[in-house]
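Before I ask anything, let me first share the structure, which is written out below as C-alpha cells.
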There are 2 protein chains.
Amino acid sequence: MNRVYNFAAGPSMLPEEALERAASEMLSYKGTGMSVMEMSHRSKGYIEIFDHTVSLLRELMGISDDYEVLLLQGGATGQFAAVPMNLLKTSADYVDSGNFAHGALVEAKKYGNINVVASSRDDNYTYIPEIDPDKLNKNADYFYITTNNTIFGTRYTSIPDTGDVPLVADMSSNILSEPMDVNKFGVIFAGAQKNIGPAGVTVVIVRKDLLGRANPNTPKVFDWTKMAENGSMLNTPTTYSIYMAGLCLEWLKKEGGVRVIHMRNQIKAKLLYDYLDESKLFKGTAHRDHRSIMNVTFRTDDPDTDAAFVKLATENGILNIKGHRLVGGMRASIYNAMSVEGVQKLISVMKQFEQERV
Amino acid sequence: MNRVYNFAAGPSMLPEEALERAASEMLSYKGTGMSVMEMSHRSKGYIEIFDHTVSLLRELMGISDDYEVLLLQGGATGQFAAVPMNLLKTSADYVDSGNFAHGALVEAKKYGNINVVASSRDDNYTYIPEIDPDKLNKNADYFYITTNNTIFGTRYTSIPDTGDVPLVADMSSNILSEPMDVNKFGVIFAGAQKNIGPAGVTVVIVRKDLLGRANPNTPKVFDWTKMAENGSMLNTPTTYSIYMAGLCLEWLKKEGGVRVIHMRNQIKAKLLYDYLDESKLFKGTAHRDHRSIMNVTFRTDDPDTDAAFVKLATENGILNIKGHRLVGGMRASIYNAMSVEGVQKLISVMKQFEQERV
C-alpha cells in the first residue's frame with residue numbers, strides 16, 4: 001500500500017497501525033459477527049470500547065477523578081457556544097490569538113459580556129499576546145485561551161496563571177502533543193481530528209465543580225452536566241469515531257505516551273525550523289518565541305514561488321502543504337502521527353527546490 | 001466471515017457490501033495513499049465524496065431544489081433544540097406519539113410556547129393519536145410529528161395535511177424505508193444510524209423559504225441558514241460517517257431504490273406480523289392500524305418467557321432482540337439492511353420456541 005505524507009491541518013494523518021486494525025475488524029469486531037459501526041451504543045460490547053477510549057485518554061493525559069471526560073458531537077465550534085452556555089453568568093475574559101480564538105469570542109458574545117484582555121489580531125496573529133495581570137477580572141466566570149493556533153502556527157509555551165478564575169482552553173491542535181498539567185485548567189476541549197482520531201468527536205474535560213451552572217436554554221446535547229450524568233450517552237454518540245480514537249490512543253500509548261511523542265515532536269519541529277532559519281529562500285512566519293511544534297508556517301517572498309513549491313512537494317508525495325488563505329505560503333502540520341521521516345522528506349524537497357532557485 | 005443477524009434499533013445492521021468496500025479502501029482511498037478519515041474536509045477529493053452522498057440522498061428521496069440538504073452533528077436530539085431555535089417565533093403544535101416525540105416537545109418548551117395537540121402517552125404510546133383539525137393553530141410556526149416511533153413500533157400510515165403550517169418531521173427510524181413525498185414537509189430530519197449509515201451524521205432537509213428565521217442565540221453549528229451558506233462545512237463535519245453513508249446509499253440505489261426496498265420491507269414486516277397474529281404465544285404490542293414496518297414490538301404474557309426467548313434467539317445468531325424497557329418483551333428492528341432471510345430465521349426460532357412451550 002503506497003501511502004503519502006499528509007501534512008493536512010485536520011482531518012489529518014492517522015497511525016497506519018490503527019487504520020490496519022480498523023480494516024481487519026470492519027466486518028466482525030473480535031468475532032462478534034458485526035462491525036463496531038453496527039453495535040448499539042447501549043450494548044455491553046460497545047460500552048467497553050467507549051470506556052477503553054476514555055480510560056486511555058485519562059491515562060495518557062493524567063486526568064484525575066476531579067474531572068469528567070465527555071465525548072460529544074459538534075466540534076470545537078460547537079463548544080464555542082457550549083462554553084458560555086455552561087459557564088457564563090456575568091462576564092468572561094478571552095485572549096484573541098488567532099482565527100479560532102476570534103471565532104470563539106464572537107460566538108460567546110451572543111450569550112453575555114465578553115472582554116478581550118489581549119490580542120495579536122492587529123499583526124495577523126503572528127505571536128501570542130502578553131497578558132497584563134492588572135487587566136484580569138478576578139470575578140470573571142472564566143478565562144479563555146487557545147493553546148495552539150492552527151492557522152498561524154503559534155502556541156503558548158507556558159500556561160497563564162489565572163488564580164481562582166477557571167482557565168478554559170481550546171486545545172484542538174496540540175492536545176496530546178506535549179505534557180500538560182490538566183490541573184491548571186477548569187475546562188479543556190478539543191476536536192478529535194488532529195491528535196486524537198477521526199472527525200466527529202469532541203473531547204471535553206471539565207472539572208466537576210464547574211458542572212451544574214448551565215443556562216436553562218442550553219440544548220441538552222451541549223449541556224455538560226446532563227452529558228456527565230449520562231456518561232456522554234444522553235443520545236447516540238459518534239460510535240465509530242470513538243472506537244477509532246481508541247485505536248489511535250492505543251498506538252500513542254505503545255509509542256511511549258505523551259512524553260515520548262513530545263520528544264519526537266520537538267525533533268520534527270527543530271529539524272524544520274532549523275532549516276527555515278538557515279534557508280535563503282524559505283522563512284518562518286510565526287514569531288520565534290511562540291512557534292508551534294504542530295503547525296509550521298513558512299513562505300518565500302513570492303506567491304508564485306510558493307505555488308511552484310507546493311506543486312513540487314505534491315509530485316513528491318508531500319500533500320496538503322499549502323498554507324491557509326489568511327497566512328498564505330505553506331503550512332506543514334506535523335501532528336503526532338507524522339513521522340520524523342516525513343519531515344525529513346519534506347526538508348529534502350525544500351532543499352532541492354531551494355538549490356534550483358537560489 | 002461469520003456475520004450475525006443484528007436486530008438492534010440503532011446503530012444497527014449495515015449493508016455488508018458497504019462494509020467490505022470501506023475495509024478495502026481504509027488505508028488508501030482510490031489510490032490516493034490516504035484513508036478517507038485522513039482527508040481534509042476542504043480537499044477536492046473529500047468534497048466529491050460529500051457531494052456524492054448528498055446527491056444520492058436527493059435522488060433516492062426525490063428532493064427538489066426547493067430544499068437544502070444539510071449533514072450536521074448532534075443527532076436527532078440536537079435537532080430537538082435546533083428546530084425551535086430555527087423556526088419558533090410565537091408557538092408550535094406537537095404530536096406526542098412516543099418517547100422521542102415527547103423528548104422533542106420537552107426540549108422545545110425551553111424556547112417558546114408549545115401546544116400538544118394530540119397524544120397517546122396515556123396508553124403507553126401503543127397507537128398514533130388522531131389529529132383533530134379544529135385543534136390546529138393556523139398561525140403556528142410549525143407542526144411537529146415523529147413519523148415512526150422506534151421504541152413502541154408505531155408509524156404514521158398517512159402524513160397529516162397541515163395546510164400552510166410547515167410540517168416538521170423526525171424521520172430518524174423510517175427515512176428511506178418507504179416512498180415519502182418530501183414536498184409535504186417543511187423540514188425532515190433524521191439521525192443516520194438506522195437507514196442511512198453509521199452514527200454521527202444528522203440529515204436535515206429544509207425548505208429554503210424556512211431559512212433566515214433563526215433565533216440570534218442559536219449556536220452557529222445548529223443554525224441551518226449558516227450551515228446552508230457554508231455547504232454544511234461551517235466547521236469540520238463527521239467526514240468518515242458521511243463517506244460510509246454514501247456507500248450505504250450506493251447499495252440502496254443498486255438494490256433498486258426506495259420503491260424496491262419498500263416492497264422488501266413490507267414483505268419482511270408482513271412475514272413477522274402474520275406469524276404474530278397466528279401465534280398462541282407471542283403477540284404484537286402496537287395497535288394493528290399503526291404498526292411500524294421498521295420496528296416490530298412483541299411479547300409473550302410472561303417476562304421470564306420473554307427472557308428465555310431472547311436467550312434462545314441469541315444462541316441462534318439473532319442479536320439485540322430484547323425490547324426497550326418502556327415496552328418490555330421483544331423488538332425486532334428490521335431496517336433496510338436486514339434481509340428477508342434474517343426475518344425468516346427469526347420466525348423459525350420463534351416457531352421452534354413456541355412449539356416447545358405451547
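Letters A, B, ... mirror the listed sequences (proteins, then strands); counts begin at 1. Every heavy atom of this structure was used, including side-chain atoms; hydrogens, water molecules and symmetry mates were not.
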Heavy-atom contact with chain B under 4.5 Å, split by part of Phe222(A):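 When you check distances to chain B, only side chain atoms of Phe222(A) fall under 4.5 Å.
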Quick check: under 4.5 Å, non-hydrogen atoms only, which of residues 190-201 of chain A neighbour chain B? Gln193(A), Pro198(A), Ala199(A), Gly200(A)
Neighbourhood of chain A inside residues 318-329 of chain B, taking heavy atoms under 4.5 Å as contact: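 At a heavy-atom separation under 4.5 Å, chain A is reached by Leu319(B), Asn320(B).
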Engaged part of Met39(A) at the chain B interface, taking heavy atoms whose separation is under 4.5 Å: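 Only the backbone of Met39(A) comes within 4.5 Å of chain B.
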Do you know which of Ala8(A), Ser35(A), Gly74(A), Gly75(A) has the most heavy-atom pairs with chain B at a distance under 4.5 angstrom?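 Option with the top pair count is Gly74(A).
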Which atoms of Glu20(A) approach chain B - backbone, side chain, both or neither, heavy atom under 4.5 Å: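 It is both, since atoms from each part get that close.
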To the nearest 0.5 Å, how far apart are CG in Leu27(A) and CG in Leu14(B)? 10.0 Å
Is the backbone N or O of Glu38(A) less than 3.5 Å from a side-chain atom of Asn6(B), with the two atoms forming a donor-acceptor pair by type? yes
Heavy-atom nearest pair, Lys110(B) first then Pro216(A), reads CD-O, 3.4 Å
With only heavy atoms counted, which part of Ala23(A) is less than 4.5 Å from chain B, the side chain, the backbone, both or neither?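 The answer is both parts of Ala23(A).
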Interface residue of largest heavy-atom contact number with chain A, from Arg42(B), Met37(B), Met85(B), under 4.5 Å: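 Maximum pair count with chain A is reached by Met37(B).
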Any donor and acceptor pair, going by atom type alone, linking the side chain of Arg3(A) with main-chain N or O of Ser28(B) inside 3.5 Å?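 Such a contact is absent between Arg3(A) side chain and Ser28(B) backbone.
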